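Reading through the C-alpha cells given below for one structure.
Not measured: the values here are computed from a predicted model.
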Amino acid sequence: MGEGRLIREPNEAQLRPSTPQASLMGDVRPGSRGGLVDVQTHNQFSLQIDDLIDDELSRDDELKQLHYAMLRSIGPLRKIYCGYSVLGLDGNRDNTFVLNRFQLWRMFKDWDFIEGRTTLSEIDRVIDRCVNSDEDNDVHSPDTPFLVRHFLHLLVYTAHHVFSNDHRNNPGNILASCLNRLLEDSDLPNPNKTKGTFFSCSKPRIARGLHYRQSCWKLYQTQTEHRKTIPHDKTMTMRKFLHILNDAQLINGNLTARLAVGVIAKDNPGADDGTDLNLDTEIVFLEFFEALMECATVAIQPPRRREKTPEVIPEAKPEVVVEPEPEPEP
C-alpha cells in the first residue's frame, strides 16, 4: 500500500492511556506529533480498506475525505474509547486500559444507529474481516482487545456495513459519507449513561456480576452452534436461550417464557417489535449475560404472598317479628 493511503497512528504510549481522561490521540491538528496527520506524508497508521473501495481512480480522494471525517470527530471518539475501556474496572496494576469486545458490545448497544439495522453478531463478523488475523480466535470472544487503531478501523467498516446501501446511487466518497452518518447523524454513546441491565447497576453489583462472567462464558460456549454460512462461527439464538432457562428450571411462576423474551427484547428491539417475535435472533455473550442475570433474579424471587381479603361480616339485621292479627270482636 502506497504512502498516499496511510494515516498516522498515535505512538504506543498514547495507545494505552494512563487514565480515562488522558489524551488518546494527542494534538489532532494536521502535522502535530501524536495526532492524525496528513495522509500523503505519513505511514505509521495504515487503514487497510482496499476491499471497500471499488473505484481505483477515486481512491486518493476517498481516503482524504475519510481522513477529514475522522478528524472532525476525533475528540468525541477519544472520550468514547477512554470511557468504555474502563467499564466494570476499578483499575489495574499499571493503570492502563484497552477496550475489549465485551465493552465494545455495550458501546454499540448504546449507539442508536444499530437499532433495526444490524445485530452485534453481524458486526462481530464485519470486525473479524478487518481486524482479526488470528484464524483460531473466536469471532465473538468477549476478551478480544482493540487498540486505538483497531477501534478507528472497525468504525469505518461498521459504518460502511450499515449505511453503504443508502449511498449506492451516490457512490462518490462513500466511506466518508457512511462514517459521517455514523458520527454526526446519530447520537453518540455516552459511557457515563450506559443502558442495559448490567453496566447501569451500582459498582458493587457490577463487581459481583463480573465474578460470574467466566463461568457464564463457558456455559455460553457449550450451548452455541456453528452457522451454516461462512465464516461458520458459533452463535446462540434466542430460542436456545429459552431452552437453557427451561433446562435450568428457571421458567416458573415468576418467570414465564414470554417474560424472558421481553427481558431480551428490552435491549434488543429486533427480537420482538410487539407484532412479530423472532426466536432465531442471534444474541452475543453480552446479551446472554445480561439477560441471564436478570432472568435469574426474577425467577428466584420468593412467590408473592396473596393478601388475604378481610372477611366482611354482614351487619346483623333486626329480627322481623310478625305479630298475629287481632281477633275481631264478637
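The closest side-chain heavy-atom distance from L104 to L154 is below 4.5 Å. Proximity of F289 to P142: side-chain heavy atoms (C-beta onward) are nowhere separated by under 4.5 Å. Looking at heavy atoms from C-beta onward, E294 lies out of side-chain contact with D267 at the 4.5 angstrom threshold. L259 has its side chain out of reach of N254: every pair of non-hydrogen atoms, C-beta onward, lies at least 4.5 Å apart. Counting only heavy atoms from C-beta outward, the side chains of W111 and L182 approach each other to under 4.5 Å. Taking 4.5 Å as the limit, every side-chain heavy atom of E290 sits out of range of all side-chain heavy atoms of I283. Residues K64 and N173 are not in side-chain contact: their nearest non-hydrogen atoms beyond the backbone lie 4.5 Å or more apart. Two residues are said to be in side-chain contact when any heavy atoms from C-beta on lie closer than 4.5 Å; F285 and R213 meet this criterion.
When hydrophobic clusters are built by joining Ile, Leu, Val, Met, Phe, Trp and Tyr residues whose side-chain heavy atoms come closer than 4.5 Å, directly or via intermediates, W105 is grouped together with M107.
Residues F102 and F199 place their aromatic rings such that the two centres sit under 6.0 Å apart. Side-chain rings of Y220 and W217 approach one another, their centers coming within less than 6.0 Å.
For T118 (side chain) and I114 (main-chain N/O), no donor-acceptor pair under 3.5 Å exists by modelled atom type. In this structure, the side chain of R106 does not engage the main chain of P191 through any donor-acceptor pair within 3.5 Å. Counting only distance, with no hydrogens or angles, the side chain of D110 and the backbone of K195 share a donor-acceptor pair below 3.5 Å. Remark: the backbone N or O of P76 is not paired with any side-chain donor or acceptor of S73 at under 3.5 angstrom. For the pair E62 (side chain) and L175 (backbone), a donor-acceptor distance under 3.5 Å is present. Formation of a donor-acceptor pair under 3.5 Å by the N246 side chain with backbone atoms of L242 is not found in this model. Within the 3.5 Å criterion, the main-chain N or O of S141 finds a donor-acceptor partner in the side chain of R101.
Between atom OG1 of residue T144 and atom CD1 of residue I127 there is a gap of 9.0 Å, rounded to the nearest 0.5 Å. Expressed to the nearest 0.5 Å, how far CD of Q223 lies from NZ of K218 amounts to 15.0 Å. Between L155 atom CG and Y81 atom OH the span is 11.5 Å, to the nearest 0.5 Å.
Taking every heavy atom of both residues into account, V263 and A291 meet most closely at CG1-CA, 3.9 Å. Scanning all heavy atoms of the two residues, the minimum distance from P145 to V98 falls at CB-CG1, 4.1 Å.
Remark: K234 does not engage D138 in a salt bridge, criterion side-chain N to carboxylate O under 4.0 Å.
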- Item | Worked verdict on H153 versus Y157 for ring-ring contact (aromatic ring centres under 6.0 Å, His included) | CA-CA 7 Å; H153 202 175; Y157 269 76; 5.4 Å; yes
- Message: Please evaluate residues L183 and L77 with respect to the criterion side chain to side chain contact (heavy atoms under 4.5 Å, CB included), reporting the C-alpha separation (whole Å), side-chain torsions for both, the decisive distance (0.1 Å), and the verdict.
- Response: CA-CA 9 Å; L183 299 178; L77 289 178; 3.8 Å; yes
- Query: Taking it one step at a time, do C178 and V162 satisfy side chain to side chain contact (heavy atoms under 4.5 Å, CB included)?
  - Reply: CA-CA 8 Å; C178 291; V162 174; over 6 Å; no
- Go through the steps to decide whether K240 and T237 satisfy the test side chain to side chain contact (heavy atoms under 4.5 Å, CB included), and finish with yes or no. CA-CA 5 Å; K240 184 64 176 178; T237 63; 3.8 Å; yes
- Message: I'd like to know whether Q103 forms a side chain to side chain contact (heavy atoms under 4.5 Å, CB included) with L89, so could you lay out the CA-CA distance, the side-chain angles of the two residues, the decisive distance to 0.1 Å, and finally the verdict.
- Response: CA-CA 11 Å; Q103 297 159 333; L89 302 176; 3.9 Å; yes
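Every residue meeting the salt bridge (Lys or Arg N to Asp or Glu O under 4.0 Å) condition with E287, not counting sequence neighbours, appears here in chain and number order: K109.
Side-chain contact of R227 with T229: a donor-acceptor pair under 3.5 Å is present, judged by distance alone.
Aromatic ring orientation, F146 versus H150: perpendicular (interplanar angle above 60°, classes split at 30° and 60°).
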